There are 2 protein chains.
Amino acid sequence: MSGAMLKNALVTLKESGVRITPQRHAILEFLISSETHPTADEIYKALEHDFPNMSVATVYNNLRVFRNAGLVKELTFGDASSRFDFVTHDHYHIICDECGSIVDFHHPGLEEVERLASYVTGFKVNSHRLEVYGVCPSCQEQGKASKAN
Amino acid sequence: MSGAMLKNALVTLKESGVRITPQRHAILEFLISSETHPTADEIYKALEHDFPNMSVATVYNNLRVFRNAGLVKELTFGDASSRFDFVTHDHYHIICDECGSIVDFHHPGLEEVERLASYVTGFKVNSHRLEVYGVCPSCQEQGKASKAN
DNA sequence: TACTTCATTGTAATGATTACAATTAGTTTA
DNA sequence: TAAACTAATTGTAATCATTACAATGAAGTA
């Protein structure tokens, strides 16, 4: 099924007049197969083996191309670098305050919130962003173990 | 009323053993009176006149102190620098995709989303973050005016 | 095949944020 | 109030993610 996602993405790109290069193919493939919302640098390092000459600028350039095509979302948290997420069906993220791990979860869209926001502010709403923060099961276990802190 | 907010903030700081310096006082005061969710650099520039010797490092240091004390929230969007928001009652932000202006709006908390996320993922939920994106009234006007684009 | 245009590469530049060491200034206690 | 202790500020250098740019290379097209 991730094969179909890749194929769709390539079609979308072609339709917007974007050339399919081996680097773009590889970056997309990696993003789709990745569960971890990688940073640009992580993508770069992951593909270093197959593309020893690829520049980190290429990764950034293409992430921007994908983002403009609506294929990829950029996630900016407080920390230094952005993370990138291949857009599939709508999902939100929950992030562990302790270890930083990111887990997807599904929830019906928040149209009602968008409506209210639009009504109150007069904005024409395009989209929204939601993240939940907490402590993941694994860190909860460790917390129990070292109660002494 | 913003005077009371400042006073409360100072008490909170003192209670956590944080010293009240003129710089901290000024940064807090500016944040409370500001409607614009300023960046660290904007704060620095705004106070330059009153504190000609203040270092930009001081601004960053103290914003971190305030954040740790729960007085200030850091807002990270895609763009280069973080913005800082004095925490009052709970409100969310709606951001203009075109001009970047940020407007507050109120909405009941999303406890139900938190509950679902917690149930699905096993996380112990601490908080969430929500932002809505769209086009502000003023940019909508300009869009109409220059349909030619 | 040759041409046109876009993509990649490598490197330098930018800009936000942080680290660090020296100095200064709150706060406490006698 | 003065001395002493400790935390805060300052100035600067360092770091690190991201972007700009110019030269080279490769896709797509006639």
Side-chain angles (χ1 to χ4, degrees), chain A residues 9-30 37-69 71-84 100, chain B residues 9-30 37-69 71-84 100:
Chain A
L10 295 177
V11 169
T12 302
L13 287 179
K14 228 171 208 161
E15 279 171 355
S16 356
V18 173
R19 291 182 183 166
I20 310 303
T21 65
Q23 293 91 335
R24 286 177 176 166
H25 195 284
I27 293 171
L28 270 180
E29 197 170 18
F30 179 73
H37 314 83
T39 64
D41 198 60
E42 284 165 1
I43 297 169
Y44 174 65
K45 287 201 164 52
L47 300 181
E48 208 167 31
H49 177 70
D50 293 316
F51 296 84
N53 293 325
M54 186 168 63
S55 165
V56 71
T58 299
V59 176
Y60 278 102
N61 289 340
N62 289 329
L63 286 172
R64 184 165 40 198
V65 169
F66 299 157
R67 195 187 45 191
N68 291 341
L71 292 172
V72 162
K73 242 200 224 164
E74 182 173 359
L75 313 174
T76 61
F77 307 120
D79 58 346
S81 41
S82 293
R83 300 186 159 275
F84 295 88
Chain B
L10 294 176
V11 169
T12 302
L13 287 178
K14 228 173 207 160
E15 279 170 356
S16 358
V18 173
R19 292 181 183 168
I20 310 303
T21 65
Q23 294 89 334
R24 285 179 176 165
H25 195 283
I27 294 171
L28 271 180
E29 198 171 16
F30 179 73
H37 315 82
T39 63
D41 198 60
E42 284 166 0
I43 297 170
Y44 174 65
K45 287 199 165 53
L47 301 180
E48 210 168 29
H49 176 70
D50 292 318
F51 295 85
N53 294 324
M54 186 168 62
S55 166
V56 71
T58 299
V59 176
Y60 278 102
N61 288 340
N62 289 327
L63 286 172
R64 183 163 41 198
V65 168
F66 300 156
R67 194 185 48 192
N68 292 342
L71 292 173
V72 163
K73 243 201 223 163
E74 182 174 0
L75 312 174
T76 62
F77 307 119
D79 57 347
S81 41
S82 292
R83 300 187 160 273
F84 296 88

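Because the structure is a prediction, the values reported are computed rather than measured. Each chain gets a letter, A, B and so on, in the order its sequence line appears, and its residues count up from 1.
Residue A/Phe66 holds its CZ atom at 7.0 Å from CG of A/Leu63, rounded to the nearest 0.5 Å. The OG atom of A/Ser81 lies 7.5 Å from the CG atom of A/Asp41; values are rounded to the nearest 0.5 Å. In this structure, OG1 in B/Thr58 is found 10.5 Å from CG in B/Asn53, a value given to the nearest 0.5 Å. In this structure, OG1 on B/Thr39 lies 3.5 Å from CD on B/Glu42, to the nearest 0.5 angstrom.
With rounding to whole Å, A/Tyr44 atom OH is found 14 Å from C/dT8 atom P. Rounded to an integer number of Å, the gap from A/Asp79 CG to C/dT17 P is 12 Å. As rounded to whole Å, 17 Å separates atom P of C/dA16 from atom CG of B/Leu75. The distance between atom CG of A/Asp50 and atom P of C/dT8, rounded to the nearest whole Å, is 16 Å. Taking atom CD of B/Glu48 as the reference point, atom C1' of D/dT9 lies 16 Å away to the nearest angstrom. Atom-to-atom, CG of A/Asn53 to C1' of D/dG25 comes out at 12 Å; the value is rounded to the nearest Å. Between the CG atom of A/Leu13 and the P atom of D/dA27 there is a distance of 16 Å, rounded to whole Å. The nearest whole Å value for the distance from the NE2 atom in B/His25 to the C1' atom in C/dG26 is 15 Å.
Closest contact between the side chain of A/Ala80 and the listed nucleotides D/dA17, D/dA27, D/dT18 involves D/dA17. Among the nucleotides C/dT9, D/dT9, C/dC6, the one closest to the side chain of A/Arg19 is C/dC6.
Contact between B/Ala26 and B/Phe51 at its shortest, heavy atoms only, is CB-CE1, 3.4 Å. Of all non-hydrogen atoms in B/Thr12 and B/Ala69, the two that sit nearest each other are CG2-O, 4.3 Å.
When the side-chain nitrogen and oxygen atoms of B/Ser82 are compared with OP1 and OP2 of C/dT17, one or more of them lie within a distance under 4.0 Å. Dashed line: the shortest gap from a side-chain N or O of A/Gln23 to OP1 or OP2 of D/dA26 is not under 4.0 Å. Not one side-chain nitrogen or oxygen of A/Thr39 sits closer than 4.0 Å to the OP1 or OP2 atom of D/dA17. A sub-4.0 Å separation between OP1 or OP2 of C/dG26 and a side-chain N or O of B/Arg24 is absent.
Taking the nucleotide of DNA chain D with the nearest heavy atom to each of B/Gly17 and B/Pro52, the more 5' of the two is matched to B/Gly17. For B/Thr21 and B/Ser81, each mapped to the nucleotide of DNA chain C holding its nearest heavy atom, the one lying further toward the 5' end belongs to B/Ser81.
B/Arg64 and B/Glu74 are not joined by a salt bridge, as no carboxylate oxygen comes within less than 4.0 angstrom of a charged side-chain nitrogen.
Annotation: proximity of residues 55-68 of chain B to DNA chain D (heavy atom, distance under 4.0 Å) is found for B/Ser55, B/Ala57, B/Thr58, B/Asn61, B/Asn62, numbered in ascending order.
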